[in-house]
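Beneath this line is the structure, given in structure tokens, with notes to follow.
Only heavy atoms go into these numbers, but all of them, side chains included; no hydrogens, no water, no symmetry mates. Throughout, numbering of the chain's residues begins at 1 and tracks the sequence.
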Amino acid sequence: MQSVMILEDDQNLAAGIKLALSGDDIDFTLIETIKDAKNALVNTKFDLLIIDINLSDGNGLQFCRDIRKSSKVAILMLTANDTEMDIVAGLESGADDYVTKPFHLMILRARIRALLRRTLDDSFKIYEESPFLFKFETMEFYKNQQMIELSRTEQKILYLLVFNSGRIITRERLLEWVWPDGTQYVEDNALSVGIKRLRHKLEDNPSEPVFIKTIYGKGYVWKI
């Protein structure tokens, strides 16, 4: 589960974003003031901050600068300030991305997913849980100390599953993760084939999988 803070004083907008974008793998926290956001940052580790610029108790740009003094957390500015100078100011304040209002939810969703993928890439490199050792940075994969060859597609599927161990990952989320440039060009059974090949390489009995389990009607889950 990845955690996202939305710092936005328009309650209806923030609630709408949460409703439209919440899923099994993202948890949204809605906050209206910089004061409350500072308190939340002390108590919670967020993977992404979505920050409005014009807030009731301060300026989001300055808050972004303050955060950058001590944190590399991904930041997306979400604001009605849409001039070229506004965007430059937002990025120079330390934001990783800048989205202007009004916006299309699908575009915002894609931007959020991209930043969260980057966070995962920076955070997780090695998975070690008997009998497995997966070194994603060097593309080395072992079961019972025996090396296993995985395709790039199999590696990406495995990555999302193991670093969300115990959580159901939907087929839609896996498709977006493995083929981010457009799932509309991917054959419908491509994911099923990737899962099947992974099971043949990782499971003792692929026909009765223990590690990569299917949750019918929902998706897949890694259990160990």
Side chains of [X] and [Y] in contact at under 4.5 Å (non-hydrogen atoms):
| X | Y | answer |
| --- | --- | --- |
| Tyr220 | Leu174 | yes |
| Ile6 | Thr29 | no |
| Arg109 | Glu176 | yes |
| Leu158 | Leu202 | yes |
| Phe28 | Ile26 | yes |
| Arg171 | Ser192 | yes |
| Thr170 | Arg173 | yes |
| Val210 | Glu203 | yes |

Under the side-chain hydrogen bond (donor to acceptor under 3.5 Å, both in side chains) test, residues paired with [X] that sit two or more places apart:
| X | result |
| --- | --- |
| Asn144 | none |
| Thr83 | Asp86 |
| Asp36 | Thr33 |
| Glu92 | none |

Out of curiosity, [X] [atom1] to [Y] [atom2], how far, rounded to the nearest 0.5 Å?
| X | Y | atom1 | atom2 | answer |
| --- | --- | --- | --- | --- |
| Asn205 | His200 | CG | NE2 | 9.5 Å |
| Leu115 | Ile50 | CG | CD1 | 8.5 Å |
| Lys196 | Glu154 | NZ | CD | 12.5 Å |
| Glu208 | Lys213 | CD | NZ | 9.5 Å |
| Ser165 | Lys223 | OG | NZ | 9.5 Å |
| Lys45 | Ser71 | NZ | OG | 8.5 Å |

Please list, chain by chain and in numerical order, all residues satisfying salt bridge (Lys or Arg N to Asp or Glu O under 4.0 Å) with [X], sequence neighbours excluded.
| X | answer |
| --- | --- |
| Lys143 | Asp204 |
| Asp66 | Lys69 |
| Asp97 | Arg111 |
| Arg68 | Asp96 |

For the pair [X] (side chain) and [Y] (backbone), establish whether a donor and an acceptor sit closer than 3.5 Å, ignoring hydrogens and angles.
| X | Y | result |
| --- | --- | --- |
| Gln155 | Leu150 | yes |
| Asp47 | Ser3 | yes |
| Ser93 | Gly90 | yes |
| Lys135 | Glu140 | no |
| Lys18 | Leu30 | no |
| Trp222 | Phe211 | no |

Apart from [X] itself, what residues make up its hydrophobic cluster when side-chain heavy atoms of I, L, V, M, F, W and Y under 4.5 Å apart count as a link, directly or indirectly?
| X | answer |
| --- | --- |
| Ile107 | none |
| Ile51 | Met5, Leu7, Ile31, Ile34, Leu41, Phe46, Leu49, Ile53, Leu55, Leu61, Phe63, Ile67, Val73, Ile75, Met77, Ile87, Leu91, Tyr98 |
| Val88 | none |

Practice problem: Determine, stepwise, if the pair Leu191 / Ile157 fulfils side chain to side chain contact (heavy atoms under 4.5 Å, CB included). | Solution: CA-CA 8 Å; Leu191 178 59; Ile157 294 172; 3.8 Å; yes
Practice problem: Look at the rings of Phe134 and Phe132 and say which category their plane angle falls in: under 30° parallel, 30 to 60° tilted, over 60° perpendicular. | Solution: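 Taking Phe132 first and then Phe134, their aromatic rings sit tilted (interplane angle of 30° to 60°).
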Quiz item: Minimum heavy-atom separation for Arg199 to Pro206, with atom names?
Solution: O-CG, 3.8 Å
Quiz item: Which heavy atom of Cys64 sits nearest a heavy atom of Ala95, and at what distance?
Solution: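 Closest heavy-atom pair between Cys64 and Ala95: SG-N, 3.6 Å.
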Quiz item: Could you walk me through whether Ile169 and Trp177 pass the side chain to side chain contact (heavy atoms under 4.5 Å, CB included) check?
Solution: CA-CA 11 Å; Ile169 305 299; Trp177 171 263; over 6 Å; no
Quiz item: Considering residues, nucleotides and ligands other than Met106, do more than 12 of their heavy atoms fall under 6.0 Å from its CE?
Solution: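 No, the 6.0 Å shell around CE holds no more than 12 heavy atoms from other groups.
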Self-check item: Heavy atoms of other groups near Lys101 NZ, more than 12 under 6.0 Å
Solution: yes
Practice problem: Treating Ile, Leu, Val, Met, Phe, Trp and Tyr as nodes and any side-chain heavy-atom pair under 4.5 angstrom as an edge, say whether Val193 and Ile195 lie in one connected cluster. | Solution: no
Practice problem: Starting from the C-alpha separation in whole Å, work towards a yes-or-no answer on side chain to side chain contact (heavy atoms under 4.5 Å, CB included) for Val4 and Leu116. | Solution: CA-CA 9 Å; Val4 176; Leu116 289 175; 4.3 Å; yes
Self-check item: Check: Tyr127/Glu129 side-chain N/O donor and acceptor closer than 3.5 Å
Solution: no
Exercise. Could you tell me whether the side chains of Asn54 and Asn59 share a donor-acceptor contact shorter than 3.5 Å?
Key: no
Quiz prompt | Verdict with supporting geometry, Leu108 and Leu76, side chain to side chain contact (heavy atoms under 4.5 Å, CB included) | solution = CA-CA 10 Å; Leu108 178 61; Leu76 183 150; 4.2 Å; yes
Self-check item: All side-chain contact (heavy atoms from CB on, under 4.5 Å) counterparts of Lys72, not counting sequence neighbours
Solution: none
